[in-house]
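This chain uses plain numbering: 1 for the first residue, then up along the sequence. Counting starts at 1 for both ligands and their atoms, in listed order.
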Amino acid sequence: MPRTALVGRMREFGTTIFAEMSALATETGAINLGQGFPDTDGPAAVLDAAVEALRGGRNQYAPGPGVPELRQAVAEHQRRVYGFDYDPGTQVLVTAGATEAIAAAILALCEPGDEVVCFEPYYDSYAASIALAGAVRRPVTLRAPVEPGGRYTFDPAELWGAVGPRTRLLLLNSPHNPTGTVLTRDELATIAEVCRDHDLLALTDEVYEHLVFTDAAAGGHVSLAELPGMAERTLQVSSAGKTFSVTGWKVGWVCGPADLVAAVAQVKQFLTYTNAAPLQPAVAVGLGLGAGYFTAFRDRLQAQRDQLCAGLAEAGFGVFTPAGTYFVTCDIRPLGGTDGMEFCRSLPERCGVVAVPTQVFYDDAEAGRHLVRFAFCKRPEVLAEAVSRLRRL
Ligand code: PMP
Ligand code: GLN
């Protein structure tokens, strides 16, 4: 009998779609619009600060909660952007990317059997972290618009229906990967009401907080923590990867009430203890850059979004223009496709481009079967070449 090494609770997950599709891109030499990583480096000041730290002897373990200047910079950033007054000593914890922050928070806050309400399509690490904790996910579907031009949104009745006596935590990602939807204040108000009503804790993944485009219906990014009665029950998570185009650095953070942050720190210390000591001060420099950096970054990504969306529409996809993030989702049915997974597995061979099927981010696979995601965090000439290839479809 073959031996099954992997614990039962992890067996459903397999290899992440990002690794599968990036490997396919490498194998076939296709343009990789699958995994969301930029093909240019971040701001020179941030890179220079990292080099300086590496050369300046900052190569041993950072303090468990993170280097003081990064905790201070995160607290100042949260004050400037959200008006929160976190104590960098007790209310800010540096983590190995947002991924570790989310995993440690779920492991710290959920008992086996507790339920976590999240929105699907969900970022794949959520489901795995919930399973690792022995908790149970209760997804609420963000439904694709019927017509291109609409927004992905949820039915409040489905959200209320997903919450029960075992629900402990609500996990929210806005701006949302993979749909690019940015929740409006009204939608957030409904979510906040559910949290208050059922006395839930909230965990907000805000890694795309600086990528809300100027034409977003939501107007801008609002954190769930900003809504009445939410600051005292919400852990905000973000990371440097997206905002500073350094996805390989894996420097993230979590902020919130001191007792919740202490619980996360308790778990985090046994996952990684600390990480990326010389990169942490560099991220502090990034967070301190002037407003000009953040708006120029958003404007650049918005132009890339417009370029790719126009190209995808010309190629025949049904395009759901995103209000934020690195990603656009498309309906493949106008091109004769029915299954996104099949479509993405054959796309490199058909035209030399890689995309990601979003059905893998749903429990209700039918809701996402016809949808695929393209990343536009790539140089305009790369997007132009990808579009010219896709037009051959
Ligand atoms: N959450 C979302 C929604 C993401 O798209 C990503 C990918 N960057 C992460 C979390 C993981 O972030 P990090 O690389 O900082 O762990
Ligand atoms: N966040 C990136 C994406 O959604 C990639 C993350 C990963 O490879 N795990 O594409």
Using heavy atoms and a strict 4.0 Å limit, residues surrounding ligand 1 turn out to be G97, A98, T99, Y123, N173, N177, D205, V207, Y208, S239, K242, K250
Side chains of P178 and F361 in contact at under 4.5 Å (non-hydrogen atoms):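 Heavy-atom side-chain distance check passes, below 4.5 Å.
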Any T141 side-chain heavy atom under 4.5 Å of D363 side chain: no
If you link ILVMFWY side chains whenever their heavy atoms are less than 4.5 Å apart, which other residues fall into the same cluster as V182? By chain and number, please.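 V182 clusters with V212.
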Taking 4.0 angstrom as the limit, do E100 and K268 come out as a salt bridge? yes
Heavy-atom pair with the smallest gap, counting every atom of I31 and A386: CD1-N, 3.6 Å
Is a side-chain donor-acceptor pair under 3.5 Å present for Y82 with Q236? no
Return all side-chain donor-acceptor pairs below 3.5 angstrom for residues 303-317, not counting sequence neighbours, or 'none' if the list is empty.
residue, atom, partner, partner atom, Å
Q304, NE2, F376, O, 2.7
Q304, NE2, K378, O, 3.1
R305, NH1, D215, OD1, 3.2
R305, NH1, P322, O, 2.8
R305, NH2, D215, OD1, 3.4
R305, NH2, D215, OD2, 2.8
Q307, NE2, P380, O, 2.9
E314, OE1, R391, NH1, 2.6

From the options L159, V163, L203, L201, select the one residue that forms a side chain to side chain contact (heavy atoms under 4.5 Å, CB included) with L170. L159
Exactly which residues line ligand 2, taking a heavy atom under 4.0 Å from it as the test?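 Protein residues near ligand 2 are F18, Q35, G36, Y123, N177, K242, F327, R373.
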Taking everything shown except Q60 itself, do over 12 heavy atoms lie less than 6.0 Å from its CD?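 Not more than 12 within 6.0 Å, no.
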